[in-house]
S.K.: 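Can you keep this structure in mind? I'll have questions shortly.
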Amino acid sequence: MTGVSTHVLDTARGRPAAGVGVELAVRDGGAAGSGPGGGGWRVLAVSATDADGRCRDLPDVPDAGGPAGGAVVLRLRFATGAYLPAPAFLPEVSVVFAVEPGQDHYHVPLLLSPYGYSVYRGS
């Protein structure tokens, strides 16, 4: 099993973004379903960021990425529209990434501002 965590930092305000909805989903078919129209999404958890901008209750993800046991493709979808000033230029942000078998943990922070965002694999 591989752990996944995230947090959202509001770079325009210089503080954590509290109350941002977060959805964790896995692509059906693993990495083999990648590409346009390939594989649907199965929601694993729905949560929201806390006062520190962290989402602490996301479940572990099974390592099996299909018959070959390859990478698992995940999506973190952030409901940013309710957090950002209206009208929100970014009503949602989706981050799709691959998790390799045997990895202990993936931390994927979102750095957010009203007109842009950045993500990276943290520690």
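Here, residue 1 is the first one in the sequence, and each next residue gets the next number. The structure presented is a predicted model; accordingly, all values stated were derived computationally and were not measured. Side chains are part of it too, since the values below use all heavy atoms of this structure and drop only hydrogens, waters and symmetry mates.
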S.K.: Among L74, L24, V46, whose side-chain contact (heavy atoms from CB on, under 4.5 Å) with L58 holds?
M.R.: L24
S.K.: Measuring from T49:OG1 to L9:CG, what's the distance to the nearest 0.5 Å?
M.R.: 10.0 Å
S.K.: Please report the shortest heavy-atom distance between T2 and E100, naming the atom on each side.
M.R.: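 Minimum heavy-atom contact is OG1-O, 4.4 Å.
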S.K.: For the atom pair CG (L112) and OG1 (T11), what is the distance rounded to the nearest 0.5 Å?
M.R.: 6.5 Å
S.K.: Counting only heavy atoms not in R121, do more than 12 sit closer than 6.0 Å to its CZ atom?
M.R.: yes
S.K.: Start with the C-alpha gap between Y106 and L76, add the side-chain angles, then the distance that decides, and say whether side-chain contact (heavy atoms from CB on, under 4.5 Å) holds.
M.R.: CA-CA 12 Å; Y106 280 74; L76 282 169; over 6 Å; no
S.K.: My understanding is that only one of L110, D50, V22, V20 makes a side-chain contact (heavy atoms from CB on, under 4.5 Å) with C55; could you say which?
M.R.: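 Result for side-chain contact (heavy atoms from CB on, under 4.5 Å) with C55: V22.
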S.K.: What pair of heavy atoms forms the shortest contact from A71 to A98, and how long is it?
M.R.: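 Looks like CB-CB, 4.2 Å.
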S.K.: For side-chain contact (heavy atoms from CB on, under 4.5 Å), just list the numbers for Y83 and V8, CA-CA rounded to whole Å, side-chain angles, deciding distance to a tenth of an Å, and then say yes or no.
M.R.: CA-CA 11 Å; Y83 175 82; V8 182; over 6 Å; no
S.K.: Let me confirm one number: the CZ-CD distance from R75 to E23, rounded to the nearest 0.5 Å.
M.R.: 5.5 Å
S.K.: For the residue pair A51 and P16, what are the closest heavy atoms and their distance?
M.R.: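 Where A51 meets P16 most closely, the heavy atoms are O-CB, 3.8 Å.
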S.K.: To the nearest 0.5 Å, what is the distance between OG1 on T6 and CZ on R54?
M.R.: 9.0 Å
S.K.: Do the side chains of F89 and V95 join up, straight or via other hydrophobic residues, at under 4.5 Å, putting them in one cluster?
M.R.: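 Same cluster.
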S.K.: Looking only at heavy atoms, what is the nearest atom pair of S47 and D57, with distance?
M.R.: OG-OD1, 2.5 Å
S.K.: What closest approach, in Å, do L90 and Y115 show between heavy atoms, and which atom pair accounts for it?
M.R.: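 Closest approach of L90 to Y115, heavy atoms only: CD1-C, 4.2 Å.
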S.K.: Measure the OH-CG distance between Y117 and L111 for me, rounded to the nearest 0.5 Å.
M.R.: 12.0 Å
S.K.: Please lay out, stage by stage, how S5 and H105 fare under the test side-chain contact (heavy atoms from CB on, under 4.5 Å).
M.R.: CA-CA 8 Å; S5 62; H105 191 81; 2.7 Å; yes
